[in-house]
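One structure is given here, and the rest of the page talks about it.
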Number of protein chains: 2
Amino acid sequence: MNYQHLEYFLKAAEYQHYTRAAEHLHITQPALTKAILGIEEEIGAPLFMKRGRNIELTKYGKIFFDYARRSLEEINHGISAVKHQVNSDLNTVNLSALCSINTTFLPKKSAQFHLAYPDCSLNITFKYTTAIIKDVSNYNSTFGLCGEFDNESEYTSLEKILLYTEPVKFVISRNHPLAHKKSVEAAELKNQPFAVYNVSTNGTNRLLYELCDGAGFRPKTLTAAYNDYGLINEVISNQCISIVSYTFYKQFQSLGFTELHIATSIPLIQKIYLVWVRDANLSPVARGFREILMSK
Amino acid sequence: MNYQHLEYFLKAAEYQHYTRAAEHLHITQPALTKAILGIEEEIGAPLFMKRGRNIELTKYGKIFFDYARRSLEEINHGISAVKHQVNSDLNTVNLSALCSINTTFLPKKSAQFHLAYPDCSLNITFKYTTAIIKDVSNYNSTFGLCGEFDNESEYTSLEKILLYTEPVKFVISRNHPLAHKKSVEAAELKNQPFAVYNVSTNGTNRLLYELCDGAGFRPKTLTAAYNDYGLINEVISNQCISIVSYTFYKQFQSLGFTELHIATSIPLIQKIYLVWVRDANLSPVARGFREILMSK
DNA sequence: GTCATTTACGTTTATCGTAAGTATG
DNA sequence: CATACTTACGATAAACGTAAATGAC
């Protein structure tokens with residue numbers, strides 16, 4: 001069975017006349033005859049009968065007609081739905097990014113994008129580094145904007161490029177016991193609860209582990225969040241310590257947290273990378289967005 | 001697009017594994033790959049993406065899946081519906097017959113048929129000769145049992161065979177002015193209203209026209225009925241004259257009508273024919289039923 | 001090195017058009 | 001004899017299987 005031939009059947013049923021139906025289908029009349037004979041063979045019943053020198057539907061043809069029509073309708077709707085989605089995707093860039101990027105960097109770039117591509121959409125979801133690179137790997141997002149991770153042993157299909165670096169800060173609730181200290185040693189954090197990103201050894205989590213390693217302990221991670229807003233919430237309501245970018249810190253410090261200054265030689269800096277799947281063929285819009293992100 | 005290939009797609013989507021899906025489909029794995037690539041080309045979007053050394057549905061594949069499933073379901077239901085109808089038709093004989101045949105002849109033959117074919121059905125509709133031969137010509141009925149008609153100039157595709165003859169009677173309402181006359185001349189019927197079969201020059205209508213022709217007038221036909229019950233109804237309620245078979249007359253004369261004896265040399269007899277389409281290929285059951293009708 | 005998908009290639013099958021054949025009015 | 005469906009036949013394209021290649025673990 002063949003959708004083309006079903007179309008032939010529907011047209012033949014509509015006109016009850018092979019020659020005219022064949023004209024409208026842009027095929028020859030014998031081709032139509034053979035196609036119908038093929039369907040008849042397959043369903044085991046005649047679809048048309050001769051009436052004088054014309055044809056008309058048999059009762060089997062009448063029964064079959066509605067099913068055939070609905071079946072064709074369904075598959076055509078399916079094709080339309082996919083084509084529509086493809087078309088919409090061609091005009092949409094999906095981005096998975098760190099919250100901190102939305103404080104200063106992304107708003108500017110987003111504005112540039114919308115000016116350059118007024119008919120296109122930019123979908124942004126805010127997550128943490130490990131989740132972002134998963135999104136990109138899974139093709140859930142075309143691009144990722146995230147912190148440090150290792151794409152030479154693990155995520156080898158990903159391409160990353162350093163966009164900029166930004167300072168990060170340890171933060172605590174204003175009414176936390178350590179909040180009034182001018183500076184604390186890393187070792188003092190040994191039994192403090194941390195709010196970190198869910199099962200991640202990338203981004204700022206990596207910085208925390210490095211710091212604690214240097215002081216000879218593993219940080220006590222109390223809760224896991226999915227983005228910086230989640231971390232801040234834990235810091236304020238559950239007396240946790242966490243790490244956020246300087247720009248994020250500045251924008252939200254009124255919420256009730258403050259900086260915890262740590263005496264350490266480790267540079268409290270986060271690298272921000274742009275990430276994509278190396279062999280993915282990007283739409284023109286996606287390529288344009290990448291240009292915008294990489295421009296000064 | 002091709003239903004076979006859609007099935008392939010559904011199985012591949014189900015297993016998310018070409019090799020296993022191909023096994024279940026009894027085709028080779030490269031054939032499956034090519035079929036999927038063909039659909040992808042046609043709908044303009046990838047259906048599967050590689051995930052490690054396996055495959056999984058893309059978002060387009062997921063969108064397309066439900067439409068494809070419903071489309072296949074629909075066409076399979078269509079095929080089932082036709083096959084079911086074919087099967088049921090193989091066990092059913094459709095007969096279009098005169099009412100008079102149901103008084104003595106048909107009940108016997110029907111009983112014989114059901115004894116011989118206990119799992120088969122006999123559908124009978126009661127009409128008048130012209131309608132019966134139309135039913136048979138249109139393949140609405142396999143057989144017809146009707147009166148005289150001309151199949152040598154007009155209905156040349158029909159085969160007819162004389163089964164028997166039966167006397168017919170002119171009938172009138174008991175309170176009709178002519179009801180008490182012992183016998184009337186044909187000429188006396190000139191201004192009487194007749195109940196006849198709808199636009200028919202076959203069967204008993206033919207007899208009536210022949211009789212009136214001989215007396216030099218055209219009968220005044222007041223109403224048209226579709227079978228003998230309709231005629232009788234007109235005879236009783238509208239004071240019409242009509243013609244029914246002797247057996248019918250005997251069975252229903254209690255309803256309020258009586259015989260009108262006409263003085264004529266024309267034999268008041270109707271020939272009863274069995275009719276079918278000459279080249280129709282009859283099912284075994286239909287052939288068996290014909291044997292029963294034609295047997296003594 | 002094994003498992004899984006893709007590509008290459010030759011064989012078989014299906015589709016379609018041209019042209020001749022058959023049947024109807 | 002014109003109209004309309006059917007059959008015959010050859011060219012083109014599609015479908016499928018075998019075998020080799022690529023890629024992931």
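Each chain gets a letter, A, B and so on, in the order its sequence line appears, and its residues count up from 1.
Close approach of DNA chain C to chain B, defined as any atom under 4.0 Å from a non-hydrogen atom of the protein, starts and stops at C:dT2 to C:dT7.
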Output one line per pair: protein atom, nucleotide atom from nucleotides 17-20 of chain D, and distance, for all N/O pairs under 3.5 Å.
| unit_1 | atom_1 | unit_2 | atom_2 | d |
| --- | --- | --- | --- | --- |
| D:dG17 | OP2 | B:Thr28 | N | 3.0 |
| D:dG17 | OP2 | B:Thr28 | OG1 | 3.0 |

Please list each protein N or O that sits under 3.5 Å from an N or O in nucleotides 1-3 of chain D, with the distance.
| unit_1 | atom_1 | unit_2 | atom_2 | d |
| --- | --- | --- | --- | --- |
| D:dA2 | N3 | A:Arg53 | NH1 | 3.4 |
| D:dT3 | O4' | A:Arg53 | NH2 | 3.3 |
| D:dT3 | O2 | A:Arg53 | NH1 | 3.1 |

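Under the 3.5 Å distance criterion, the side-chain polar atoms of A:Thr58 are matched with a main-chain donor or acceptor of A:Gly61. When atom types are taken as modelled, the side chain of B:Thr165 and the backbone of B:Lys271 share no donor-acceptor pair closer than 3.5 angstrom. Using a distance-only test at 3.5 Å, with no hydrogens or angles considered, no donor-acceptor pair links the side chain of A:Gln29 to the main chain of A:Ala22.
Sorted by first and then second residue, the ring-ring contact (aromatic ring centres under 6.0 Å, His included) pairs with a member in residues 25-54 of chain B read B:Phe9-B:Phe48, B:Tyr18-B:Phe48; sequence neighbours excluded. For the side-chain hydrogen bond (donor to acceptor under 3.5 Å, both in side chains) condition, no pair includes a residue of residues 75-84 of chain B, sequence neighbours left out.
Nucleic acid contact for A:Thr19: sugar-phosphate only, since backbone atoms but no base atoms lie under 4.0 Å from a heavy atom of the residue. When heavy atoms are screened at a 4.0 angstrom cut-off, A:Tyr8 is found touching the sugar-phosphate backbone but no base atom.
As a whole-Å value, the separation of A:Arg20 CZ from D:dA4 P is 6 Å. As rounded to whole Å, 15 Å separates atom C1' of D:dA24 from atom CD1 of B:Ile55. When rounded to the nearest whole Å, the span between CE of A:Met1 and P of D:dA15 equals 16 Å. Atoms CD (A:Glu56) and P (D:dC5) sit 12 Å apart, rounded to a whole Å. Atom CD in A:Glu23 sits about 11 Å away from atom P in D:dC5, given to the nearest Å. The distance from atom CZ of A:Arg278 to atom P of D:dA24 is 11 Å, rounded to the nearest whole Å. Whole-Å rounding puts the B:Asn54 CG to D:dC25 P distance at 9 Å. Atom CG in B:Leu32 sits about 10 Å away from atom P in D:dC16, given to the nearest Å.
Remark: B:Tyr15 pairs with B:His24 by the ring pair (Phe, Tyr, Trp, His ring centres under 6.0 Å) rule, at least two apart or across chains. By the ring pair (Phe, Tyr, Trp, His ring centres under 6.0 Å) test, B:Tyr60 is found to be paired with no residue, residues two or more places apart in sequence or in another chain being considered. Taking A:Tyr164 as the reference, A:Phe105 meet the ring pair (Phe, Tyr, Trp, His ring centres under 6.0 Å) condition, with sequence neighbours excluded. For the salt bridge (charged side-chain N to carboxylate O under 4.0 Å, His left out) test, no residue two or more places apart in sequence or in another chain qualifies with A:Asp150. With sequence neighbours excluded, the residues that form a salt bridge (charged side-chain N to carboxylate O under 4.0 Å, His left out) with B:Arg278 are B:Glu159. Qualifying ring pair (Phe, Tyr, Trp, His ring centres under 6.0 Å) partners for A:Tyr117, counting only residues two or more places apart in sequence or in other chains: A:Phe113.
B:Ile39 and B:Phe64 get closest at one heavy-atom pair: CG2-CE2, 4.0 Å.
Each end of the helix from C:dG1-D:dC25 to C:dG25-D:dC1 yields a helix axis from five base pairs, and these two axes differ in direction by 20° (to the nearest 10 degrees).
Taking CE of A:Met1 as the reference point, atom CG of B:Leu6 lies at 12.0 Å (rounded to 0.5 Å).
Place B:Lys50 and A:Thr33 on DNA chain D by their nearest nucleotides, and A:Thr33 ends up nearer the 5' end.
Residue A:Thr130 forms a side chain to side chain donor-acceptor pair (under 3.5 Å) with just one option from A:Asp135, A:Asn205, A:Asn202, and that option is A:Asn202.
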